[in-house]
2 protein chains.
Amino acid sequence: MGPTKTRQDWTSAALGVIASVGVERLSVERLATELGVTKGSFYWHFSDRAALIESALLWWEEQGTDRVIAELEGIADPAARLRLLLLTAFGDLEHGPVDVALAARGGDALIGPIIQRVMAKRVDFVTEIFAELGSTPAQARRRGRIAVATYIGHFQLRVALPNDRYLAKPAKPYIDELMEIIAVPST
Amino acid sequence: MGPTKTRQDWTSAALGVIASVGVERLSVERLATELGVTKGSFYWHFSDRAALIESALLWWEEQGTDRVIAELEGIADPAARLRLLLLTAFGDLEHGPVDVALAARGGDALIGPIIQRVMAKRVDFVTEIFAELGSTPAQARRRGRIAVATYIGHFQLRVALPNDRYLAKPAKPYIDELMEIIAVPST
DNA sequence: ACCTGAACACCGTTCAAGT
DNA sequence: ACCTGAACACCGTTCAAGT
């Protein structure tokens with residue numbers, strides 16, 4: 001494995017950096033040093049730093065959202081689908097950190113559109129579950145938004161309250177509480 | 001008003017920049033230009049850029065959390081206290097953006113401690129309300145965390161779903177739904 | 001096809017010198 | 001007491017030149 005790097009090499013390395021220290025500390029020069037090439041070579045693969053970040057986020061969209069939705073879509077019973085979604089989402093300590101690093105940047109000119117698209121997909125998916133559970137369309141959508149907001153905030157609280165045991169390792173009572181609160185019988 | 005600037009001048013200007021474009025794009029040089037002085041003068045007031053950010057966040061802690069809690073603490077009825085808190089928190093389109101810019105940075109070495117302290121204060125305040133409403137201590141705390149997580153996620157969704165009417169201008173039905181969901185009668 | 005090396009701009013930080 | 005101006009380091013970006 002000589003000094004030749006592929007686009008995917010840069011992309012994967014970038015997503016790792018984003019997850020661990022955030023987008024803003026992603027430095028082309030440092031990445032180049034880690035990969036054992038000069039920063040000049042980076043510009044053969046990408047037009048600029050922004051293009052690298054965009055590439056990393058598209059990869060994140062695919063793995064963290066599209067794949068999960070595709071897997072759960074097949075479950076016919078909406079309550080079972082919701083429960084497995086909560087278990088998957090709140091239990092996935094792998095994707096949580098990336099979500100935390102990105103959630104606040106929906107207004108960003110560059111990555112905002114990607115984040116907006118991902119959040120819309122998530123709200124739509126949960127809204128559909130509530131609709132099947134018997135909510136009116138408007139109520140299902142309100143609850144869909146609240147559910148996704150709760151998910152985002154959950155992983156941010158995990159890092160904001162590092163000494164909280166329940167958050168550190170989401171326990172079953174916590175998920176049960178979420179189910180009880182979120183899936184409250186509709187009007 | 002000559003070129004002489006106070007520490008508070010720098011602090012206020014910094015919080016404004018943080019709210020509008022985020023911590024990472026806070027540039028000492030640009031701030032200095034805006035204030036009409038050279039960046040060299042900045043280092044007479046502050047030891048470094050980090051000290052400026054810390055000063056801005058302490059100001060944020062005081063105005064956005066301590067002051068609100070102090071105001072609501074006097075309300076004896078816990079249900080009324082909760083409702084007014086939700087109305088205040090979800091209706092405050094002034095402080096929301098700063099929260100969005102900061103919520104994800106709880107792991108940061110510099111500002112993490114401040115954010116952690118603020119989040120803990122908020123969770124404690126809501127936990128107390130649930131306890132007074134009749135929840136067991138453990139359940140009250142779980143619901144306190146969920147409530148704060150929902151608040152954080154709410155303002156992040158606002159920027160992630162800019163075309164969503166309910167989020168753009170939090171309507172009464174939305175707050176009602178929150179009350180109904182969050183303040184569900186305890187076991 | 002992919003990389004190096006040198007150049008330039010922008011910004012954080014320091015510090016001697018000014019008023 | 002507060003500010004300027006020059007200096008240096010780090011990083012994004014460009015590009016001619018190498019293999």
Side-chain angles (χ1 to χ4, degrees), chain A residues 1-59 101-102 105 107-114, chain B residues 1-59 101-102 105 107-114:
Chain A
M1 55 186 89
T4 300
K5 296 298 162 194
T6 69
R7 222 184 121 89
Q8 182 61 37
D9 287 336
W10 287 96
T11 301
S12 303
L15 192 60
V17 172
I18 290 172
S20 64
V21 300
V23 211
E24 60 286 335
R25 287 204 232 163
L26 175 62
S27 155
V28 170
E29 184 158 41
R30 267 195 297 253
L31 250 195
T33 305
E34 281 173 27
L35 291 178
V37 290
T38 63
K39 60 180 173 175
S41 83
F42 166 83
Y43 289 91
W44 191 88
H45 296 284
F46 297 90
S47 60
D48 53 15
R49 179 175 174 275
L52 172 64
I53 292 170
E54 192 183 9
S55 175
L57 290 219
L58 289 174
W59 178 248
L102 294 178
R105 315 187 66 87
D108 193 283
L110 169 69
I111 61 184
I114 301 178
Chain B
M1 54 186 91
T4 299
K5 296 298 163 194
T6 70
R7 221 184 122 90
Q8 183 62 38
D9 287 337
W10 287 96
T11 301
S12 303
L15 193 59
V17 172
I18 290 172
S20 63
V21 298
V23 210
E24 59 287 334
R25 288 204 230 162
L26 174 62
S27 156
V28 171
E29 185 158 39
R30 268 194 297 249
L31 250 196
T33 304
E34 280 173 28
L35 292 178
V37 290
T38 63
K39 60 180 173 173
S41 84
F42 166 81
Y43 289 90
W44 191 89
H45 296 283
F46 297 90
S47 59
D48 52 16
R49 178 175 176 276
L52 173 65
I53 292 169
E54 192 183 7
S55 175
L57 290 218
L58 289 174
W59 178 249
L102 294 178
R105 313 188 68 88
D108 193 283
L110 169 70
I111 62 184
I114 301 177

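Bear in mind the structure is a predicted one, so any value in this text is a computation, not a measurement. Within every chain, numbering begins at 1; the chains are lettered A, B, ... in the order of the sequence lines, protein sequences first and strands thereafter. Basis for what follows: all heavy atoms, side chains included, without hydrogens, waters or symmetry-related copies.
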Pairs in or reaching into residues 6-17 of chain B: which pass side chain to side chain donor-acceptor pair (under 3.5 Å), with residues at least two apart or in two chains? B:Thr6-B:Asp9, B:Gln8-B:Ser12, B:Thr11-B:Ser55

Counting only heavy atoms and a strict 4.0 angstrom limit, can you tell me which residues of residues 9-20 of chain A come near DNA chain C? none

Under 4.0 Å protein heavy-atom contact, by nucleotide of nucleotides 13-19 of chain D - B base, S sugar-phosphate only: BB-----

Of all heavy-atom pairs between A:Lys39 and A:Val28, which one has the smallest distance, and what is that distance? CB-CG1, 4.2 Å

Within the 4.5 Å heavy-atom criterion, are A:Leu52 and A:Leu31 side-chain neighbours or not? yes

Would you mind reading off the distance between A:Leu31 atom CG and D:dG12 atom C1', rounded to a whole angstrom? 13 Å

Salt bridge (charged side-chain N to carboxylate O under 4.0 Å, His left out) partners of B:Arg30, counting only residues at least two apart: none

Value for CG (B:Asp108) from CZ (A:Arg25), rounded to nearest 0.5 Å, stands at 5.5 Å

Atom pair distance, as rounded to whole Å: CD in A:Glu29 and P in D:dA9: 13 Å

Which nucleotide in D:dC11, C:dC11, D:dC3 has an atom nearest any side-chain atom of A:Ser27: D:dC11

Looking at CZ of A:Arg105 and CD1 of A:Ile53, how far apart are the two atoms once the value is rounded to the nearest 0.5 Å? 8.0 Å

OP1 or OP2 of C:dA1 sitting under 4.0 Å from any side-chain N/O of A:His45? no

Please give, in whole Å, the distance from D:dC11 P to B:Arg25 CZ? 19 Å

So which one's nearest nucleotide on DNA chain D is more toward 5', B:Thr6 or A:Arg30? B:Thr6

Represent DNA chain C in dot-bracket notation, 5' to 3'. Only Watson-Crick or G-U wobble pairs with both distances under 3.5 Å count; pseudoknot-style crossings use [ ] and interstrand partners use |. ||.|||||...|||||.||

Give the rounded distance in Å between these two atoms: NZ of A:Lys5 and P of C:dT4. 11 Å

Going by the rule side-chain contact (heavy atoms from CB on, under 4.5 Å), which residues pair with B:Ala101 if we only count those two or more places apart in sequence or in a different chain? B:Ile18

Does B:Leu26 or A:Thr38 map to a spot on DNA chain C nearer the 5' end, using the closest nucleotide for each? A:Thr38

Between B:Pro113 and B:Leu110 the two heavy atoms that sit nearest each other are CD-O, 3.5 Å

For the CD1 atom of A:Ile111 and the CG atom of A:Leu57, what is their distance to the nearest 0.5 Å? 5.5 Å

Using every non-hydrogen atom in the two residues, find where A:Arg49 and A:Val23 come nearest and quote the distance to one decimal. NH2-O, 3.0 Å

Where B:Asp48 and B:Tyr43 come nearest, the two heavy atoms and their spacing: CA-CE2, 3.8 Å

